[in-house]
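Here the structure is a predicted model, which is why all the values come from computation and not from measurement. Protein chains get the first letters and strands the later ones, always in sequence-line order, with residue 1 at the start of each. These numbers come from the heavy atoms of this one structure, side chains and all, not from hydrogens, waters or symmetry mates.
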Protein chains: 2
Amino acid sequence: MTAIKESSTIQENKQYALDKCPVTYVMEKIGGYWKPIIIYHLSTGNKRYSELKRAIPAITEKMLIQHLKQLEADNLVIREAKPIVPPFVTYSLSDAGNGLLPVIEAMAAWTFKEKDGIFKTK
Amino acid sequence: MTAIKESSTIQENKQYALDKCPVTYVMEKIGGYWKPIIIYHLSTGNKRYSELKRAIPAITEKMLIQHLKQLEADNLVIREAKPIVPPFVTYSLSDAGNGLLPVIEAMAAWTFKEKDGIFKTK
DNA sequence: ACAAGTACTTACCCTAAAGTATGTATCATG
DNA sequence: CATGATACATACTTTAGGGTAAGTACTTGT
């Protein structure tokens, strides 16, 4: 899952930011172009892998599972696989994942305000 | 300020995410290891360039102004320079920047919950 | 027997973001 | 006359994330 160089200032600074900054900690988990979109689609109900794929046509399969795996590793989504063939795998938000929804809504709210020009340029 | 290649799928997908996803829009503005930290320091009061530098020893000067410039361009911080020498430049949060504080607090709150194990692993 | 659907995996490439190092202009002070 | 403080700028390198393309295993339908 994308190997990382252990000894680089960029990793050290990441660590620094992760420790010092609870905001960075969240962004590590929901950052990247696709994660918020995936989370959004899961917030409207459990979805199969193929459903997600169809819901987000622009994403490649590599990016989709890569992010799903990361979200699962971070305990934000839960993967359930029925041991049948053809496979039947469902993804859903965990408690922690659901806990992020207010954060996500706050962000969305800010964006709409900003785009509506609610904040004067001062 | 870091030239960008206009024609690449990564840019297209970024654009897609920015249009489709208000969350990504926020993260574009406060993403990166240092921006949240800078914003935090400004949220406790206006700061001179050199004060920020001292407050965040691990950051390089390049990263510091680069992010300050971006934040200014995004209308999140305001730069005020007194036309004297030695220079006296102050940075402060704009209305839009202050509008982000609830978002930032929501993120911090989630992190603390998560680290305290409030979310059970299911 | 061959295509289609399920859910992935893997090898390789490209770029934006981050970091390193050094330089600039102006003035005050020892 | 050279050092320190102010607030930057700029060339050059590295790396982590994102993208492309192709393959896997197993079954059902035609």
Partners passing ring pair (Phe, Tyr, Trp, His ring centres under 6.0 Å) against A:Y16 (at least two apart in sequence or in another chain): B:W34

Donor-acceptor side-chain pairing of B:Y91 and B:E80 below 3.5 angstrom: no

Touch class at under 4.0 angstrom, heavy-atom based, for A:I10 against every strand present: sugar-phosphate

Modelled atom types, side-chain donor and acceptor of B:Y33 and A:Q15, under 3.5 Å: no

N or O in side chain of B:H67 less than 4.0 angstrom from C:dA17 OP1/OP2: no

Short side-chain N/O contact from A:S8 to OP1 or OP2 of D:dA16, under 4.0 Å: yes

Under 4.0 angstrom between B:T9 side-chain N/O and D:dG19 OP1 or OP2: no

Contact residues, residues 27-43 of chain A to DNA chain C [heavy atom, < 4.0 Å]: none

Between A:S50 and A:K47: side-chain donor-acceptor atoms closer than 3.5 Å: no

Pairwise 5' ranking along DNA chain C for A:E51 and B:E61, keeping only the more 5' one: A:E51

Any A:R48 side-chain N or O less than 4.0 Å from OP1/OP2 of C:dA7: yes

NZ (A:K82) with more than 12 external heavy atoms under 6.0 Å: no

First of A:V85 and A:M63 reached from the 5' end of DNA chain D, by closest nucleotide: A:M63

